[in-house]
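Heavy-atom basis, side chains included; hydrogens, waters and symmetry copies ignored. Here is the naming used below: chain letters follow the sequence lines, and residue numbers restart at 1 for every chain. Predicted, not measured: the structure shown is a model, and the values here were computed from it.
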2 protein chains.
Amino acid sequence: MKPTIYDVAEKAGVSIATVSKVINNRGKISEKTKKKVFEVMKQLDYQPSVVASALTGKRTQTIGLLIPDIANPYFAEVAKSLEKSAQKYGLGIVMCSTDSDSQKEADYISLLLRKQVDGLIIASDIQNMNLIEAVIKKGIPIVLFSVDNPSLYVNVVTVDDYKGGYQATEHLIQKEHKDIAIIVEKNKDSSKYRFQGYMDALKHHHLEIKQDFIKYAHSDISESRKVVDELLSMKNKPTAIFACNDLLATGVIQEARKHNLHIPIELSVVGFDNTILAEISDPGLTTVAQPIEEMAKYSIDLLVDEIEQKSTKRQRIMLLPELIIRESTTVFK
Amino acid sequence: MKPTIYDVAEKAGVSIATVSKVINNRGKISEKTKKKVFEVMKQLDYQPSVVASALTGKRTQTIGLLIPDIANPYFAEVAKSLEKSAQKYGLGIVMCSTDSDSQKEADYISLLLRKQVDGLIIASDIQNMNLIEAVIKKGIPIVLFSVDNPSLYVNVVTVDDYKGGYQATEHLIQKEHKDIAIIVEKNKDSSKYRFQGYMDALKHHHLEIKQDFIKYAHSDISESRKVVDELLSMKNKPTAIFACNDLLATGVIQEARKHNLHIPIELSVVGFDNTILAEISDPGLTTVAQPIEEMAKYSIDLLVDEIEQKSTKRQRIMLLPELIIRESTTVFK
DNA sequence: ATGAAAGCGCTAACAG
DNA sequence: CTGTTAGCGCTTTCAT
């Protein structure tokens, strides 16, 4: 049998209360007994039970992570960074891919609640706001990662999507492009801000906004290729395309190749997120990078602070994106 | 406060034992009180505490997943499929990226043990065998996913890597290639079997095995490109390359482009794993697919059976890989 | 500085 | 069919 605190107490010749105290480093315990207890713990290979400890009101040392799809490279990267930060606190992460499905979202939230996770990181667009509000009401700390919802009083960590969209577009403008199209990801809040940045960049530089150049697609290669095909089939086709994420941008590159358009000479393209797709894409994809590691660190720190009730105030942290210039963009002549 | 079983019992006018029984559907309870109890549970929005239930010897409804790196598309896909199967059983998955680092592996295993996870799925090459043996000794069910270790008495689910390597190579041979190089992933057990399959395919078809055509690289684009550069710089260069995973294959495609070699006309390439990289690669990458979903299903089923002690025997399930033919391979003339 | 004892929320005999 | 009760392993007063 797994040794319990009783075994340790008995073998060390002290009470379980004492053992508990040395484990948690509480109260006054003489160096001598402390040493003795540690010794016995080692001998017995004793590991305190998180379960039992959680039952007495302590933490479960587990947090839940809600994401749409772990197989999406962006979210995989997010999960990885969050995990890295969480590990420093000895927190385990329960991964919950919702598929943006409200039933799965509900199921997972219910599971997490029954498990009494210490907190939640939500990185997927919320399907059912009532559910989240209920969680907040129960006092479970929450951090929204890269999603925002002004109506919720919670910690939020995002990248400045508006500025990212602006930067991407301005980069193309500086390369003397005037006919810049955009592919917006459907049903995605962050994409709206990126789009807004695109619009404003054009406006500020007094460039005409062409409705035909604004396309919408779900985050899917073939949908992307479809709208790119439309774009490239126009008599006055764009000389540059800003895709609101790297997957969409990959579709642009593929379709351009099919149309025998050289990238970046005949068509420049910018993506968003700086995922592995941007790296391995050929030519390398110019894209807007989110400081994911840093965002993850802030998220975990905020969550832990709230869990440990070190802070009662909620924060909204917005970090700056960074344009990563690769080979998919150049001056238009 | 969160309602407890006492609140439900009181409000329903029964004992907590009765409530417990209806929750777990045990013993004989009259339909009438059953109904009454369910009613009250709904009213109170009562959710049984997994923590308390786990303390009384039941399950924690959590399993641990050890993988090297969730940001690697193959493992992300694995995690996704496992999660999908686990969800059907109401199991949460704690994600543990070990980075193939033995310290992290040890830390995570210790955390999982303290959390009393119901079982473990190991999808990363084991760093410290003693640790795993200790886990087994404690009676924690384990399934090895896509890794094998003959010395352990545990459930194993893998793909037939040998056959996959054989198929990939034979596919190229059938396309009349005679000079087929291979890039083997370093420090990876599964890669050895794939390599073995390559060797045997060449032998069986009476093709010469050229030592110069056998290259090793870590799973990394630039390492791959480096060895491909060597290959393509040879006077008698290969007409086809089998890369032991899709990332390495992506490196092949990029470097071939740099050498102005047309794929597949001048160089055919085959990958392994059928990740998103193979899909988005341009041209589409012919690759060997692992039946990940099915493997995941078997893994979870085996694990659950062992957890519930339905079966005391361990199994080794080896599924067949499937060659997915895309545009990166063609007949050599 | 240390220990006795009362829970935490639930399960599982065992009685009735 | 339903209830009583003794834990599960740990934390936390409150005494000593």
Side-chain angles (χ1 to χ4, degrees), chain A residues 1-38 40-41 44-62 90 111 113-118 138-139 308, chain B residues 1-38 40-41 44-62 90 113-118 138-139 308-309:
Chain A
M1 265 319 284
K2 210 164 165 278
T4 74
I5 198 171
Y6 286 96
D7 303 321
V8 176
E10 187 176 10
K11 186 149 185 189
V14 296
S15 76
I16 59 165
T18 304
V19 176
S20 175
K21 276 167 195 149
V22 349
I23 291 170
N24 300 292
N25 199 26
R26 282 185 190 295
K28 312 269 108 205
I29 306 286
S30 74
E31 278 309 319
K32 199 177 153 194
T33 56
K34 229 182 225 175
K35 186 159 158 267
K36 176 72 182 159
V37 169
F38 277 128
V40 175
M41 293 200 315
L44 262 42
D45 187 27
Y46 167 75
Q47 311 257 94
S49 155
V50 175
V51 172
S53 143
L55 188 57
T56 65
K58 307 269 283 198
R59 313 271 91 96
T60 52
Q61 298 182 42
T62 306
L111 180 64
L113 249 35
R114 276 182 289 128
K115 277 194 198 309
Q116 285 161 239
V117 292
D118 299 334
K138 287 189 206 292
E308 296 177 349
Chain B
M1 265 317 285
K2 212 164 164 280
T4 74
I5 198 170
Y6 288 96
D7 303 320
V8 176
E10 187 176 10
K11 186 148 185 193
V14 297
S15 75
I16 59 164
T18 303
V19 176
S20 176
K21 277 168 194 150
V22 349
I23 292 171
N24 300 292
N25 199 26
R26 280 184 195 295
K28 311 269 109 203
I29 305 285
S30 74
E31 278 309 318
K32 200 177 152 193
T33 56
K34 227 181 225 176
K35 188 161 158 265
K36 175 72 183 159
V37 170
F38 276 128
V40 175
M41 293 200 316
L44 263 42
D45 188 27
Y46 166 76
Q47 312 257 93
S49 156
V50 175
V51 172
S53 142
L55 188 57
T56 64
K58 306 271 282 197
R59 313 272 90 98
T60 52
Q61 299 183 41
T62 306
L113 250 34
R114 275 183 291 127
K115 278 195 198 309
Q116 287 162 238
V117 293
D118 298 334
K138 287 189 206 291
E308 296 178 349
Q309 317 205 344

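- Interatomic distance, B:Ser20 OG to B:Arg26 CZ, rounded to the nearest 0.5 Å: 8.0 Å.
- The distance from atom CG of B:Leu44 to atom C1' of C:dG9 is 15 Å, rounded to the nearest whole Å.
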Sequence neighbours left out, cut at 3.5 Å: what donor-acceptor pairs do the side chains of residues 10-19 of chain B make with other protein atoms?
residue: B:Ser15; atom: OG; partner: B:Ala17; partner atom: N; Å: 3.3
residue: B:Ser15; atom: OG; partner: B:Thr18; partner atom: N; Å: 3.3
residue: B:Ser15; atom: OG; partner: B:Thr18; partner atom: OG1; Å: 3.2

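- Computed from coordinates, the B:Asn25 CG to C:dA12 P distance equals 13 Å when rounded to whole Å.
- Residue pairs meeting the side chain to side chain donor-acceptor pair (under 3.5 Å) criterion with at least one partner in residues 50-61 of chain A, sequence neighbours excluded, are A:Thr60-A:Asp118.
- If you check the side chains of B:Thr62 and B:Lys115, you find no donor sitting under 3.5 Å from an acceptor.
- Considering only the side chain of B:Ser15, D:dT4 comes nearest among C:dT2, D:dT4, C:dG3.
- Straight-line distance from the CD atom of B:Glu10 to the C1' atom of D:dG3: 15 Å, rounded to whole Å.
- Annotation for A:Gln47 and B:Leu113: closest pair NE2-CB, 4.3 Å, computed over non-hydrogen atoms.
- B:Lys32 has its NZ atom 13 Å from the C1' atom of D:dC1, to the nearest Å.
- Atom NZ of B:Lys2 sits in a crowded spot, with more than 12 heavy atoms from other residues, nucleotides or ligands closer than 6.0 Å.
- C:dT2 atom C1' lies 16 Å from atom NZ of A:Lys36, rounded to whole Å.
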Under 4.0 Å protein heavy-atom contacts per nucleotide of nucleotides 9-16 of chain D, with B for base, S for backbone only and - for none: BBBB----

